[in-house]
Amino acid sequence: MAPRIQEKDMAMRASSDGSEGSELVKKLLAQTEENREKNERIVQRKTLANDQAAILGPFDQSVFILNSDGENYTMLENAQAMRLKRRGFIKDKRFVTQPTEEEINFALEPGDDEGLDGIVNAVRGVFGNKQ
């Protein structure tokens with residue numbers, strides 16, 4: 001090896017063996033410890049999200065929504081989740097703001113603009129019949 005390359009190699013080896021000269025290694029070890037809990041939460045969240053298909057199945061009428069605390073999930077019916085999404089509670093399968101139990105239960109009932117009533121009201125609106 002050329003003398004200059006040997007000097008760089010020796011300097012890198014001296015700094016990576018855990019001696020005092022390795023400020024970068026110390027900094028990275030400290031950063032790893034700081035991020036350990038955050039990374040564990042991210043892995044847990046992604047694992048649960050990937051396991052949903054095994055838990056619910058492809059034709060299930062339910063969905064898991066990540067609570068606003070970022071750790072727990074709430075299981076909702078698909079239609080219920082869509083109603084909460086339209087009201088601004090859910091974005092990207094995550095609660096933006098955690099709804100109360102009353103708001104979650106209220107979302108179980110279809111509104112006037114849904115289902116057969118919604119179709120009938122839309123047809124009446126087109127033909128001007130507002131009975």
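What you are looking at is a predicted structure, and each value in this text was computed from that prediction instead of being measured.
- The distance from the CG atom of Asn78 to the NZ atom of Lys85 is 11.5 Å, given to the nearest 0.5 Å.
- Side-chain atoms of Asp69 and Gln98, non-hydrogen and from C-beta on, never get closer than 4.5 Å to each other.
- For Arg83 against Leu108, the heavy-atom pair with the smallest separation is NH1-O, 3.3 Å.
- Hydrophobic clustering of Ile, Leu, Val, Met, Phe, Trp and Tyr side chains at less than 4.5 Å, counting indirect connections, keeps Val63 apart from Tyr73.
- A salt bridge does not link Arg36 with Glu40: every distance from a Lys NZ or Arg NE/NH1/NH2 to an Asp or Glu carboxylate oxygen is 4.0 Å or more.
- Residue Ile90 holds its CD1 atom at 9.5 Å from OG1 of Thr97, rounded to the nearest 0.5 Å.
- Arg4 pairs by the side chain to side chain donor-acceptor pair (under 3.5 Å) definition with nothing, not counting sequence neighbours.
- Linking ILVMFWY side-chain heavy atoms closer than 4.5 Å, directly or via other members, places Met75 and Phe95 in two distinct hydrophobic clusters.
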Worked verdict on Ile104 versus Phe89 for side chain to side chain contact (heavy atoms under 4.5 Å, CB included): CA-CA 10 Å; Ile104 290 174; Phe89 287 107; over 6 Å; no
Residues Ile65, Leu84; criterion side chain to side chain contact (heavy atoms under 4.5 Å, CB included); working and verdict: CA-CA 11 Å; Ile65 304 296; Leu84 289 170; over 6 Å; no
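- The number of heavy-atom neighbours closer than 6.0 Å to CD of Glu33, taken from other residues, nucleotides and ligands shown, is above 12.
- Note that the CG atom of Asp60 and the CD atom of Glu77 stand 10.0 Å from one another [nearest 0.5 Å].
- Counted within 6.0 Å of CZ on Phe64, heavy atoms from surrounding residues, nucleotides or ligands total more than 12; the atom is thus considered enclosed.
- Separating the CZ atom in Arg87 from the CE atom in Met82 is a distance of 12.0 Å, to the nearest 0.5 Å.
- For the salt bridge (Lys or Arg N to Asp or Glu O under 4.0 Å) condition, no pair includes a residue of residues 88-105, sequence neighbours left out.
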